[in-house]
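Please read these numbers as outputs of a predicted model, since none were measured by experiment.
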Amino acid sequence: RANRLARYLIGLGVGPESRVVLAMRRSLDLVVGMYAVLGAGGAYVPVDPDHPVERIGYVLDSAVPVCVLSTAADRVGLPSGVEVVSIDEVDVSGFSEAAVTDAERVVPLRPENPAYVIFTSGSTGKPKGVAVPHAGIVNQLRWMQAEYGLTGRDVVLQKTATTFDVSVWGYFWPLQVGARLVLATADGHRDPGYLAQVIDEQGVTVTDFVPSMLDVFVAAVPAGSCRSLRHVFAIGEALPPETVARLRAVTPARLHNLYGPTEAAVSVTFWECGVADTVSVPIGVPEWNTQAYVLDSRLHPVPAGVAGELYLGGVQLARGYVGRADLTSDRFLANPFGVPGARMYRTGDLVRRRRDGVLEYVGRTDFQVKFRGQRIELGEIESVLRAHPAVTGAAVTVYADAVTGDHLVAYVTAESALEVSVVRAHASAALPSYMVPSAFVVLDEFPLNTSGKLDRKALPAPEFTSTGTEYTPPRTPGEEQVAAVFADVLQADRVGAHDNFFDLGGNS
């Protein structure tokens with residue numbers, strides 16, 4: 001079916017440097033369409049039919065596809081005015097089943113031609129399309145096969161949203177080596193019980209998780225489940241060490257922490273998690289034909305142990321952003337450490353390189369905020385909170401409240417009642433006062449987006465209250481003087497010995 005459909009697409013003008021939108025939920029038809037687009041030489045552009053019509057329309061306008069491949073069911077709700085081919089209705093019986101050759105394509109296919117375009121969130125609020133060439137994804141898949149060695153006995157569960165580049169592994173890696181591909185239902189990646197059932201029933205040996213979803217999964221399935229798993233890959237977010245320990249209690253599978261932005265072919269560094277990863281989980285060392293540079297603001301390498309921004313070089317880099325030369329030139333720079341013409345990508349991630357060459361993830365440069373006159377890294381606060389026994393094993397995120405600008409908010413998942421005052425006291429003892437969250441919001445679980453990542457926009461608004469301590473009058477002449485100054489400046493009726501200046505309305 002894929003080869004026949006590829007020839008049909010060639011007849012529509014699809015070839016190298018052209019694009020075809022795939023607007024389908026996870027299904028066999030989606031796999032056929034994906035392989036057909038690549039067989040014709042084009043690049044596929046995945047679109048989630050459940051996304052808002054405005055976003056889909058923006059992607060279609062930006063991608064300028066030759067056509068849209070969909071199904072009779074999934075095409076409902078697509079913007080009007082686009083040419084849609086229903087893959088389950090089009091007649092391709094008159095085309096050959098043989099593999100397509102360059103002689104049949106519009107022009108020959110080259111390694112530098114794009115294989116797929118993934119639209120990711122943009123800082124301007126508009127999605128940006130990242131074009132990844134065949135050379136990059138082929139290098140990545142060959143590295144994965146050499147490193148992890150799938151065989152015909154393996155069973156790979158593909159449950160990742162197609163609009164997330166991690167999905168590329170599942171669709172192409174197993175079928176290259178004769179392993180079996182199992183497709184989760186369209187919404188199955190959100191249901192831990194369903195996933196555990198599929199893993200056990202199908203004898204799944206390999207799958208991947210975004211850490212947020214992995215934490216939900218291991219919390220929901222009983223110990224001793226999923227005994228068939230050999231490899232579990234975590235990618236897309238920082239992997240908490242608590243999640244590593246919890247997975248180990250559920251399944252004997254080896255857990256691999258992989259790192260990679262959408263602007264490079266899936267993953268670029270790797271690390272196998274071990275019992276020693278109790279404080280943080282490294283992102284590891286570079287994969288084949290990939291360079292990782294830890295640089296300061298002047299693009300100079302920083303010493304081992306010093307945090308710097310991570311820049312990537314090598315064959316797996318994307319070509320850039322579709323139709324956005326300005327964004328491409330801002331993030332893809334000339335590589336001063338490579339051969340003439342080489343590029344490197346500025347990730348925006350802070351890392352440090354250990355003396356043994358292993359990279360440790362520190363946080364995002366855009367998660368480092370100036371708060372009450374100080375520059376702080378929100379990941380540092382999250383690490384301190386996770387270290388408390390009451391929070392161990394829970395998911396934690398901290399952010400600076402955008403409304404007040406003077407509050408840090410901590411969101412914590414808890415299976416039972418969490419003594420917020422105890423955790424707050426722990427944070428107060430371990431952190432400078434301006435880094436202690438003013439509000440703690442306890443949730444049953446974090447809201448996740450379609451890729452399984454934390455959806456920060458869906459977090460509930462915090463309610464800012466006092467520290468919860470009873471009023472204690474000033475006890476010494478010094479405390480009385482300070483309280484009087486605070487009361488005068490803040491126009492407060494009274495100021496207690498334990499009251500917080502910022503909670504009372506003060507600012508830096």
Open item on the list: Has Asp208 got a side-chain atom pairing as donor or acceptor with Ala234's backbone, closer than 3.5 angstrom?
Closed with: no

- [ ] Of all the heavy-atom pairs spanning Gly313 and Tyr293, show the shortest one and how long it is.
- [x] N-CE1, 4.3 Å

Open item on the list: Would Leu299 and Met344 count as a side-chain contact (heavy atoms from CB on, under 4.5 Å) here? Give the steps.
Closed with: CA-CA 11 Å; Leu299 301 185; Met344 63 181 185; 4.2 Å; yes

- [ ] Measure up the Phe209 and Phe217 rings against each other and bin them: parallel (under 30°), tilted (30 to 60°), perpendicular (over 60°).
- [x] tilted

Open item on the list: Using only atom types and a distance under 3.5 Å, with no angle test, would you say the side chain of Arg343 pairs donor to acceptor with the backbone of Arg319?
Closed with: yes

Task: Steps toward side-chain hydrogen bond (donor to acceptor under 3.5 Å, both in side chains) verdict (Gln316, Trp288) - done: CA-CA 9 Å; Gln316 288 183 210; Trp288 283 356; over 6 Å; no

- [ ] Output, in order, the C-alpha distance, side-chain angles, deciding distance and verdict of side-chain contact (heavy atoms from CB on, under 4.5 Å) for Glu287 and Val266.
- [x] CA-CA 11 Å; Glu287 299 171 2; Val266 190; over 6 Å; no

Task: Flag side-chain contact, heavy atom, 4.5 Å: Asp326 against Asp330 - done: no

Open item on the list: Please check: side-chain N/O of Glu309 versus main-chain N/O of Leu295, any donor-acceptor pairing under 3.5 Å?
Closed with: no

Task: Asp48 and Arg55 ion-paired at < 4.0 Å - done: no

Open item on the list: If we ignore hydrogens and angles and just use 3.5 Å, is the side chain of Thr160 paired with the main-chain N or O of Val166 as donor and acceptor?
Closed with: no

Task: Sole candidate of Thr269, Ile235, Leu239 that passes side chain to side chain contact (heavy atoms under 4.5 Å, CB included) when paired with Ile283 - done: Thr269

Task: Shortest non-hydrogen contact from Pro114 toward Ala43 - done: O-CB, 3.4 Å

TODO: Classify the ring geometry between Tyr345 and Phe332 as parallel (under 30°), tilted (30 to 60°) or perpendicular (over 60°).
DONE: tilted

Task: Separation of Lys159 NZ from Thr207 OG1 (nearest 0.5 Å) - done: 5.0 Å

TODO: Test side-chain contact (heavy atoms from CB on, under 4.5 Å) on Ser62 and Phe119 and set out the steps.
DONE: CA-CA 10 Å; Ser62 302; Phe119 275 78; 3.7 Å; yes

TODO: Enter the distance from Tyr171:OH to Tyr44:OH here, rounded to the nearest 0.5 Å.
DONE: 8.0 Å

Open item on the list: Using side-chain hydrogen bond (donor to acceptor under 3.5 Å, both in side chains), reason through Ser267 and Gln140 one step at a time and then give a plain yes or no.
Closed with: CA-CA 7 Å; Ser267 70; Gln140 212 276 332; 2.6 Å; yes

Task: Test item: Phe270 and Val285 side chains (from C-beta on) under 4.5 Å apart, heavy atoms - done: yes

Open item on the list: Please find the pair of heavy atoms, one from Pro211 and one from Pro240, that lie closest to each other, and give the distance.
Closed with: CB-CD, 4.3 Å

Task: Full working for ring-ring contact (aromatic ring centres under 6.0 Å, His included) between Phe337 and Tyr311 - done: CA-CA 11 Å; Phe337 312 103; Tyr311 289 73; 8.8 Å; no

Task: Whether Thr413 side chain and Glu445 backbone form a donor-acceptor pair below 3.5 Å - done: no

Open item on the list: Between Glu263 and Leu317, does the side-chain contact (heavy atoms from CB on, under 4.5 Å) criterion hold? Intermediate values first, please.
Closed with: CA-CA 6 Å; Glu263 287 80 359; Leu317 291 191; over 6 Å; no

TODO: Please tell me if the side chains of Val198 and Leu157 come closer than 4.5 Å, counting only heavy atoms from C-beta onward.
DONE: yes

- [ ] Report yes if some heavy atom in the side chain of Val351 is under 4.5 Å from a heavy atom in the side chain of Tyr259; otherwise report no.
- [x] no

Task: Sub-4.5 Å side-chain heavy-atom contact between Pro79 and Leu60 - done: yes

Task: Nearest atoms (heavy-atom pairs only) where Pro437 meets Arg424 - done: O-NH1, 3.3 Å

Task: Glu147 (side chain) donor-acceptor with Trp143 (main chain) under 3.5 angstrom - done: no

Open item on the list: Taking CZ in Arg355 as the centre, count heavy atoms belonging to other residues, nucleotides or ligands within less than 6.0 Å. Is the count above 12?
Closed with: no

TODO: Would you indicate whether the side-chain heavy atoms of Val59 and Val45 approach each other to under 4.5 Å?
DONE: yes

Task: Donor-acceptor contact present, side-chain Arg26 to main-chain Thr185, <3.5 Å - done: yes

Open item on the list: Any side-chain to backbone donor/acceptor pair from Arg254 onto Glu272? Under 3.5 Å, distance only.
Closed with: no

Task: Sidechain N-carboxylate O distance under 4.0 Å for Arg25, Asp187 - done: no

Task: Minimum heavy-atom distance between Ile118 and Asp165, given as atom pair plus value - done: CG1-CB, 4.1 Å

Open item on the list: A side-chain contact here means heavy atoms from C-beta on lying under 4.5 Å apart; do Asn257 and Tyr361 qualify?
Closed with: no

Task: Minimum side-chain heavy-atom gap Trp271-Asp277 below 4.5 Å - done: yes

Open item on the list: To check you understand the geometry: which heavy-atom pair defines the closest contact between Pro282 and Arg354, and what is its length?
Closed with: CG-NH1, 3.8 Å

- [ ] Hey, could you give me the CG/CZ distance between Leu459 and Phe446, rounded to the nearest 0.5 Å?
- [x] 6.5 Å

TODO: Could you grab the distance from atom CD of Gln197 to atom SG of Cys226, nearest 0.5 Å is fine?
DONE: 11.0 Å

